[in-house]
Each structure stands twice: as structure tokens, then as C-alpha cells.
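All of these numbers come straight from a predicted model, not from anything done at the bench. The figures here come from the full heavy-atom set of this structure, side chains too, leaving out hydrogens, waters and symmetry mates.
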Amino acid sequence: MAKTSTQKASGTAGETKTNRAPSVPTPVMTVRHYCQGLGDCHLIRIKRKGPRDFFMLIDCGVHSSVTGGPGTIDAIVSDILTVTKKIDVLVVTHEHVDHVSGFLSAAKKFAEFEEIGEVWMGWTENPADPQARQLDKFKGQAIALLSQASQRLAAVDSKDDYMANVRDGVRSILGFNFGVKGERVRKMRDEAGKLAKTQPPVYLEPGSLRPAIPGLDHLRIYVLGPPRDPALLKVTDRQSEMYSLASATAAPIAAALQGSFALTIAGDQFVDDPAAPFDCNVGLPLDKALSGDLGDEHEHAAASFLAQHYSGPLPAPPRARRQRKPTDPNVMDQSWRRIDHDWLAMSSTLAMQLDDQTNNTSVVLAFENIKTGRVMLFAADAQIGSWLSWQDLTWDVGTGAVTGPDLLARTVFYKVGHHGSKNATAQAKGLELMTSPDLSAFIPTNQKDAKKVGWGEMPFHGILEALEKKTNGRAVRADDAWLGTGTLPPALQKPSGSLQAVHSDSRLWVEFDLA
């Protein structure tokens with residue numbers, strides 16, 4: 001790899017470096033991004049003094065809906081083993097299947113590594129942390145409620161387009177929490193945590209700085225996320241920061257869903273549900289009213305009124321079914337008014353809150369080449385709340401203060417968050433702060449897989465347009481048609497400064513040489 005020591009660059013405190021060659025070799029990072037579809041897996045190799053390079057693996061997973069996903073993950077881990085059999089640090093960014101499935105499905109392959117030194121996770125995964133336990137309780141409750149909602153939604157008339165959309169949306173969120181065979185995402189995460197044989201996982205705090213790595217004197221690793229502020233963990237949309245919408249609060253929705261499920265399971269028994277508008281002894285059971293299986297004339301009169309103004313033709317009472325036609329031709333079909341299952345629609349909002357809060361627990365790392373001042377940012381699936389939290393972070397590195405905005409300003413490589421979705425790259429306090437003309441980016445996305453999952457526009461056109469402009473065409477997608485052809489796009493054919501070269505020997509991976 002060519003050295004870029006003659007190029008001026010900004011230092012950590014903003015000073016200008018001279019044109020003199022550095023006295024110590026500049027670390028060179030090679031990042032192999034795997035292109036498995038909707039999922040993340042990134043192998044980082046950093047040159048260092050000594051007999052062996054430093055290797056870090058960030059995540060290894062694929063969404064359960066991707067056809068042949070487990071087989072592709074096996075091929076990925078096999079490929080990693082051809083590069084190195086020793087991983088110095090394994091980073092598990094957050095608890096979503098598309099980031100951790102491989103640690104379970106390819107467990108036998110991972111057993112072939114000679115050594116995995118450390119496993120890094122966010123503080124959110126620490127069972128001894130009170131705040132993490134509270135977040136974990138919400139996640140467990142939400143997954144249980146959404147599983148119930150999914151089962152009930154499966155029985156809803158498929159002709160109801162609105163409820164069909166709700167059903168598909170809930171299923172897509174559950175796809176990030178369960179594997180192809182129903183494996184729980186927690187099991188996948190725990191398998192990753194066991195890979196460091198000699199020590200438990202290291203739980204990272206925002207605003208911390210990882211200890212210097214032997215042989216890498218000119219490398220700093222900053223921890224930006226996940227945030228500690230409970231409010232920011234929930235923030236997924238901020239109008240000034242997005243190309244997008246507004247959000248809701250999850251706790252009342254979870255409580256309402258829980259109460260609704262309790263009522264439907266209880267039947268005629270009394271259940272105290274504070275979220276219900278009426279006591280359960282007021283009114284008639286809907287299923288009985290719609291079937292006509294009611295006890296007295298008063299109840300049947302109420303059911304008749306319900307049919308005329310809500311549900312459509314009324315079935316005859318049981319004792320009269322042999323004497324007359326089952327429906328009254330004078331009663332118009334009112335079934336279009338029915339909202340029997342609409343209460344389940346709130347599950348879609350809860351599903352999004354679960355997904356967003358989990359994404360905001362992502363470990364976010366910034367790698368700084370101290371000699372050049374250049375920064376490589378790996379944002380996992382961090383969403384707006386996490387991005388906002390970086391604005392107040394400060395690190396004292398001895399030569400001056402380094403801040404979150406400072407790191408963004410010096411970012412020359414960005415692993416794009418959450419597959420390029422609309423609420424995973426902040427605008428004013430994110431991409432617009434990345435002012436280096438040397439910026440390049442990689443988006444681990446596959447548009448066909450995203451549509452299959454039901455995520456709509458992923459990657460989002462606004463993000464793509466902004467990245468294309470910011471990088472001068474040096475933004476690579478995992479589903480780019482040129483991958484594996486041996487022909488690079490014009491923007492990638494010459495070194496840009498920090499981006500020295502791009503390689504792609506197959507459609508399995510694309511590799512960036514960074515300095």
C-alpha cells in the first residue's frame with residue numbers, strides 16, 4: 001500500500017501537520033465488508049509493528065428473511081479463516097439478528113479460530129447494570145406482546161389491506177429478534193459473548209477511550225455510543241435532523257396491548273384493565289353478538305342493532321334457525337365499518353419502538369489515525385438519539401480536547417448506519433458535519449432483501465443523494481452491480497488520499513484500503 005505521508009492533514013486538536021514524513025510508520029487499515037444481504041459483518045485489519053497484524057471483527061449476521069442466509073454466513077466465516085485464525089477483538093454492536101445470527105448458526109466455524117482475544121459489547125448488554133436491566137425488561141415484554149399480536153393478526157381476514165400491512169410490519173420487526181428456526185436473538189448474542197475464552201465481555205461506555213493497543217501507537221479508538229441518556233435512547237426522529245417522521249412513546253402502547261390481550265384471554269371473567277374505556281361487565285362479548293348465540297331477547301335486540309349499524313347481516317338466534325332464513329334481506333351489509341381487530345394496529349407502533357430503541361443501543365466506534373488526524377467511523381445501526389448524544393462527548397487526550405463534532409469533521413470513512421435507512425444518519429448534526437473532501441462510505445444494504453422484509457425504501461434516496469455528493473461518488477453499496485466484475489467505477493479507480501484502493505474478488509465482499 002502506498003504511503004500518504006507527504007499530504008497535509010489536520011491533527012487531533014486541529015493543528016496543521018507539516019510535509020515531513022512521520023518518524024513512525026502510519027497505521028494502515030484494511031476493511032473487508034461482507035455483502036450477505038441485509039446484515040453486517042466487517043473484518044478490520046490494521047498494520048502494526050511486530051510479527052502479526054491486528055484484527056477486529058465487527059458483527060456477523062444476516063436477516064432471517066434472506067434466502068440462503070445461514071449458508072452465506074458459513075461462507076463468510078470460512079473466508080475470514082483464510083485471512084486470519086486469530087481475532088484480537090470481536091465487537092457485538094447490538095442485539096439484532098442481522099448482526100449476530102452467525103455466532104449461533106456458524107458456531108462450528110467460529111470454533112475453528114485459534115484465539116478470540118476480547119469481546120466488546122455496549123453497556124446495554126451488561127446484566128449487572130441497573131439501567132441495562134430496565135431496558136432489557138422492556139425488550140422482553142415488547143417481544144412477548146408482539147409475538148401474541150402476530151399470532152392474532154395471522155387470523156385476520158387477508159382482504160383487510162390495512163391490517164395486512166400491520167401484520168407484515170410486526171412480522172418484519174420480529175424477524176430482527178428471531179432466527180429462521182425460531183432461535184432467539186439473545187441466544188445468538190450470548191454465543192458471541194462466550195467466544196473470548198479467557199475473560200468475560202468488555203462493556204463499553206460512551207465517552208470512553210479504549211486502551212492503547214501494543215504496536216499501534218498511532219491509533220486511538222473512541223466509544224461514541226450507546227448513549228446513557230434514557231430519553232435519547234428513545235429518540236429515533238428529530239425533524240431538524242432527518243429526512244423523515246415523528247415518533248411515539250412505547251410504554252403506554254405496551255400497557256394497552258397487554259391489557260387487551262388479558263381481556264380477550266379472560267373471556268367473561270372480570271379483568272381490571274386501567275387502559276380500557278369501560279368495565280368488562282358493560283356490554284356484550286363481540287364474538288357472541290356477531291354469531292347470534294345470545295341468551296335473551298334484550299341481548300338479541302342489541303345484537304340486531306349492532307348488525308344494522310356495524311357488522312352487516314345478522315345470523316338468526318339458535319332456536320329460530322330452522323324456522324327462517326339465517327339473514328334478514330332488509331339489513332344492509334355494514335361489514336365495512338368493522339374495527340374488531342384495529343386495536344392490534346397499535347402493535348405496529350410498539351414494534352417500531354422496540355426496533356428503534358434496540359438500534360440506539362448500538363456500539364459506535366471511531367478510529368483515529370493520530371499522525372494524520374483522519375477518522376474512520378463505524379456507526380452500526382445507531383439512530384438519531386445516539387447521533388445527538390455525540391454532540392456533548394469530550395475526550396481529553398493530553399494534547400487537547402477531542403469532541404464528537406470534531407471526530408465527525410475529520411471522518412474520512414463512514415460505515416453507513418442501519419443499511420442506509422432514513423432515520424439512521426443524522427443530517428445537521430451528522431452527515432453535514434463530515435466536511436472532509438476525502439470522505440468515502442460503505443452501505444451494507446440490499447434493496448431487494450429490504451423490500452422482501454417490508455422496509456420499503458432502504459436505502460433511502462435522500463441519504464443516497466447526500467452520500468453521493470459528500471463522497472464524490474465514493475459511496476459503495478453491498479448490492480452494487482459492479483461488485484465481482486473486476487471493473488471499478490471511475491470514482492474508485494484512483495486513490496483519493498485516505499482511500500488508497502478498493503478490491504472485490506467476488507460478490508461475497510468488497511475491501512477498502514484506508515490510511
I want to check something: taking the side chain as every heavy atom from C-beta on, are [X] and [Y] in contact at a cut-off of under 4.5 Å?
{"X": "Leu377", "Y": "Tyr414", "value": "yes"}
{"X": "Val202", "Y": "Arg210", "value": "yes"}
{"X": "Ile213", "Y": "Ile221", "value": "yes"}
{"X": "Leu464", "Y": "Ile443", "value": "yes"}
{"X": "Val31", "Y": "Leu514", "value": "yes"}
{"X": "Arg45", "Y": "Arg32", "value": "no"}
{"X": "Pro444", "Y": "His33", "value": "no"}
{"X": "Ile370", "Y": "Asp217", "value": "no"}

CA sep, side-chain torsions, deciding dist, call: Lys197, Glu115, salt bridge (charged side-chain N to carboxylate O under 4.0 Å, His left out): CA-CA 8 Å; Lys197 306 297 184 184; Glu115 179 185 347; over 6 Å; no

Closest approach of [X] and [Y], non-hydrogen atoms and distance?
{"X": "Leu431", "Y": "Trp387", "result": "N-CZ3, 4.5 Å"}
{"X": "Trp395", "Y": "Thr403", "result": "CZ3-C, 3.9 Å"}
{"X": "Val363", "Y": "Gly122", "result": "CG2-N, 3.2 Å"}
{"X": "Pro230", "Y": "Gln131", "result": "CG-NE2, 3.8 Å"}
{"X": "Ser389", "Y": "Leu232", "result": "CB-CD1, 3.6 Å"}
{"X": "Thr93", "Y": "His99", "result": "OG1-ND1, 3.5 Å"}

Arg184/Asp190 under salt bridge (charged side-chain N to carboxylate O under 4.0 Å, His left out): CA gap, chis, key distance, verdict: CA-CA 10 Å; Arg184 289 183 174 273; Asp190 290 347; over 6 Å; no

Residue pair [X] / [Y], side-chain donor-acceptor N/O under 3.5 Å:
{"X": "Asp381", "Y": "Ser362", "value": "no"}
{"X": "Ser496", "Y": "Asp438", "value": "yes"}
{"X": "Asp513", "Y": "His503", "value": "yes"}
{"X": "Trp120", "Y": "Glu118", "value": "yes"}

Okay, side chain of [X], backbone of [Y]: is any donor-acceptor separation there less than 3.5 Å?
{"X": "Ser436", "Y": "Ala409", "value": "no"}
{"X": "Arg474", "Y": "Leu492", "value": "no"}
{"X": "Trp123", "Y": "Ala132", "value": "no"}
{"X": "Lys47", "Y": "Asp53", "value": "no"}
{"X": "Lys470", "Y": "Leu439", "value": "no"}
{"X": "Asp229", "Y": "Ala231", "value": "yes"}
{"X": "Gln36", "Y": "Gly61", "value": "yes"}
{"X": "Thr411", "Y": "Phe413", "value": "no"}
{"X": "Arg507", "Y": "Asp480", "value": "yes"}

To the nearest 0.5 Å, what is the distance between [atom1] on [X] and [atom2] on [Y]?
{"X": "Ile76", "Y": "Cys41", "atom1": "CD1", "atom2": "SG", "result": "5.5 Å"}
{"X": "Asp479", "Y": "Gln447", "atom1": "CG", "atom2": "CD", "result": "6.5 Å"}
{"X": "Leu508", "Y": "Asp79", "atom1": "CG", "atom2": "CG", "result": "5.5 Å"}
{"X": "Leu104", "Y": "Phe110", "atom1": "CG", "atom2": "CZ", "result": "11.0 Å"}
{"X": "Leu407", "Y": "Leu224", "atom1": "CG", "atom2": "CG", "result": "6.0 Å"}
{"X": "Arg477", "Y": "Cys35", "atom1": "CZ", "atom2": "SG", "result": "11.5 Å"}

Electrostatic pair [X]-[Y], nearest N-O below 4.0 angstrom:
{"X": "Lys109", "Y": "Asp74", "result": "no"}
{"X": "Glu114", "Y": "Lys85", "result": "no"}
{"X": "Arg410", "Y": "Asp406", "result": "yes"}
{"X": "Lys187", "Y": "Glu191", "result": "yes"}

Residue pair Glu95, Thr361: steps toward the side chain to side chain contact (heavy atoms under 4.5 Å, CB included) verdict: CA-CA 8 Å; Glu95 197 178 30; Thr361 64; over 6 Å; no

Lys415 vs Leu365, side chain to side chain contact (heavy atoms under 4.5 Å, CB included): CA-CA, chis, key distance, verdict: CA-CA 10 Å; Lys415 196 294 293 183; Leu365 300 176; over 6 Å; no

Sole candidate of Asp449, Asp98, Thr445 that passes side chain to side chain donor-acceptor pair (under 3.5 Å) when paired with His419: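 Going through Asp449, Asp98, Thr445 one by one, the side chain to side chain donor-acceptor pair (under 3.5 Å) with His419 is satisfied by Asp98 alone.
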
Pair Phe367 + Phe378: ring centers closer than 6.0 Å: yes

Aromatic ring pairing His94/His96, orientation class (parallel under 30°, perpendicular over 60°, tilted between):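 The arrangement is perpendicular - the two ring planes meet at more than 60°.
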
Salt bridge (charged side-chain N to carboxylate O under 4.0 Å, His left out) between Asp88 and Arg48, intermediate numbers included: CA-CA 13 Å; Asp88 295 275; Arg48 66 175 167 181; 3.6 Å; yes

Side chain to side chain contact (heavy atoms under 4.5 Å, CB included) between Val510 and Val502, worked out: CA-CA 7 Å; Val510 59; Val502 176; 3.8 Å; yes

Heavy atoms from other residues, nucleotides or ligands near CD of Gln134 exceed 12 (cutoff 6.0 Å):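 Not buried by this count: 12 neighbours or fewer within 6.0 Å.
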
Step-by-step side chain to side chain contact (heavy atoms under 4.5 Å, CB included) determination, Met29 to Ile44: CA-CA 7 Å; Met29 174 186 291; Ile44 297 174; 3.7 Å; yes

